[in-house]
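Since the model is a prediction, treat every value here as computed from it, not as a measurement.
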Amino acid sequence: MHTSLTLIVIVVILAVFFDFINGFHDTANAIATTVSTKALPPKIAVGLAAIMNFIGALTFTGVAKTIGGKIADPAKLEYGVLIVMAALLASIFWNLITWWYGIPSSSSHALVGSIVGAVMAAAGTSPINWGGFSEIFKALIISPIIALIAGYLLMILIYAIFRRVATPPSKINRRFRYFQILTAALQSFTHGTNDAQKAMGIIVFALVAADLQSDPGHIPFWVQLICAISMGLGTSVGGWKIIKTVGGKITKIEPINGATADLTSSSIIFTFTQLGLPVSSTHVISSAIMGVGAAKRLKSVNWGVAKRIVITWFITLPISVLISALIYFLLHLFV
């Protein structure tokens with residue numbers, strides 16, 4: 001397929017827009033607990049998240065390489081650029097729908113599912129690297145389970161430590177409120193190291209498919225830079241609807257459990273980033289919040305909201321596959 005420069009430019013613009021949406025869609029993940037405990041005013045918290053997201057996005061490239069080459073080989077796809085365009089449009093559509101209803105869904109699930117759906121629509125199942133997809137899928141599924149368990153255990157440990165301290169609970173919480181500023185910064189940094197790279201990977205996928213680049217493992221600096229900027233700008237806009245859900249509707253957040261949830265989730269996200277595996281920061285952070293809430297008492301978690309979030313997690317990937325396949329067929333007819 002002859003790929004015009006115009007199509008490549010459109011793909012890059014869509015990828016940047018996806019990262020921008022990902023920024024404001026997932027701002028809640030980084031700062032919801034900090035805002036809900038009033039550790040930082042909302043605008044300052046969003047500003048901190050934007051800066052740390054930007055820095056994190058420029059720091060690593062392992063996840064971008066995984067997205068760019070492990071799901072399918074872009075060099076072997078005849079309509080690779082249309083596949084990327086369909087995947088981005090489907091991901092953007094789903095992110096906007098879930099943002100509008102204040103549901104913390106997974107941008108990662110949406111993008112991975114959309115790539116698979118568009119590839120299947122264009123060339124069937126044979127071009128998909130099922131081994132690579134399986135590795136990514138396992139990381140997406142396992143990471144929130146680890147976050148739930150780790151958040152629960154770490155919260156139990158911290159409660160046990162501070163029960164032996166004579167310091168009044170109000171004073172302990174006040175100290176943890178200051179600590180939350182650090183954990184929010186760490187959370188935002190790790191979010192940038194993982195989430196911003198997904199758009200980088202999809203741009204490289206398109207460049208290789210269009211014969212403008214030969215190595216899917218090479219992430220040009222200009223790709224890193226524009227994705228980092230768009231993620232930072234998107235974060236600065238803020239996703240207030242999701243902040244309300246993550247920051248208060250799952251469980252009552254206090255500085256001590258907010259800091260614990262942030263520390264748990266940022267550690268897990270960063271570990272998977274080091275392994276070059278994409279995870280859903282939404283899943284990981286929401287699960288960590290459920291874990292620390294359950295450590296206080298099971299009834300303190302609003303399991304109705306938790307159930308709604310989990311259902312969205314499960315349906316995102318198959319819905320993204322279907323939406324992306326439909327969009328690909330429409331693009332193939334008219335482009």
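Closest of all the heavy-atom pairs between N53 and S188 is OD1-O, 3.0 Å. Of all heavy-atom pairs spanning A123 and L77, the tightest one is CB-CD2, 4.4 Å. What you find for I203 and C227 is that their closest heavy atoms are CD1-SG, 3.9 Å. Minimum heavy-atom separation, S324 to G117: OG-C, 4.1 Å. The two residues L88 and A15 come nearest to each other via the heavy atoms CD1-N, 3.6 Å. Across N257 and V292, no two heavy atoms sit closer than the pair O-CG2, 3.6 Å.
Using cut-offs of 30° and 60° on the angle between ring planes, the pair F176 and F179 is perpendicular. Under the 30°/60° scheme for interplanar angles, the aromatic rings of Y328 and H332 are found to lie parallel.
Transitive grouping of hydrophobic side chains (ILVMFWY, heavy atoms separated by less than 4.5 Å) brings I311 and L317 into a common cluster. When hydrophobic clusters are built by joining Ile, Leu, Val, Met, Phe, Trp and Tyr residues whose side-chain heavy atoms come closer than 4.5 Å, directly or via intermediates, L225 is grouped together with I8. Clustering ILVMFWY residues whenever any of their side-chain heavy atoms sit less than 4.5 angstrom apart, transitively, puts L331 in a cluster other than the one holding L333. In the hydrophobic cluster analysis, where Ile, Leu, Val, Met, Phe, Trp and Tyr join through side-chain heavy atoms closer than 4.5 angstrom, L111 is grouped apart from L326. The cluster map of Ile, Leu, Val, Met, Phe, Trp and Tyr, joined by side-chain heavy atoms under 4.5 Å apart, puts I51 and M231 in different clusters.
Annotation: side chain of S281 is not in contact with side chain of N194 (no heavy-atom distance under 4.5 Å). The closest side-chain heavy-atom distance from W94 to H109 is not below 4.5 Å. Between I71 and V116 there is a side-chain heavy-atom pair separated by less than 4.5 Å. Side-chain contact between L96 and I21 is present, with at least one heavy-atom pair separated by less than 4.5 Å. Taking 4.5 Å as the limit, some side-chain heavy atom of I156 sits within range of a side-chain heavy atom of Y152. Contact check for Q187 versus I269: side-chain heavy atoms found under the 4.5 Å cut-off. For the pair M52 and H191, the minimum side-chain heavy-atom distance is 4.5 Å or more. Looking at P220 and V223, their side chains come closer than 4.5 Å, going by heavy atoms from C-beta outward.
More than 12 heavy atoms of other residues, nucleotides or ligands shown are found within 6.0 angstrom of OH on Y159. Within a 6.0 Å sphere centred on CZ of F133, heavy atoms belonging to other residues, nucleotides or ligands number more than 12.
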V11 vs V81, side-chain contact (heavy atoms from CB on, under 4.5 Å): CA-CA, chis, key distance, verdict: CA-CA 7 Å; V11 163; V81 177; 3.7 Å; yes

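Q213 places a side-chain N or O within 3.5 Å of a backbone atom of D215 that can act as its donor or acceptor partner. Side-chain atoms of T66 come within 3.5 Å of backbone atoms of G276 as a donor-acceptor pair (strictly under, hydrogens ignored). The backbone N or O of G131 sits nowhere less than 3.5 Å from a side-chain atom of S134 that would complete a donor-acceptor pair.
Judged purely by distance below 3.5 Å, without hydrogens or angles, the side chains of Q197 and T61 never pair a donor atom with an acceptor atom. A donor-acceptor contact closer than 3.5 angstrom links the side chains of S91 and S114. A side-chain N or O of S108 and one of K198 form a donor-acceptor pair less than 3.5 Å apart.
Note that CD of E135 is 9.0 Å distant from CG of N129, once rounded to the nearest 0.5 Å. Distance check, rounded to the nearest 0.5 Å: CD of Q180 to CG of L186 gives 13.0 Å. Distance CE/M200 to NZ/K65: 12.0 Å, rounded to 0.5 Å.
Checking N22, T98, T316, D195 one by one against S107, the side-chain hydrogen bond (donor to acceptor under 3.5 Å, both in side chains) holds for a single residue, N22.
Between F189 and F54, the gap from one ring centroid to the other reaches at least 6.0 Å. A ring-centre distance under 6.0 Å is found for F60 and F270.
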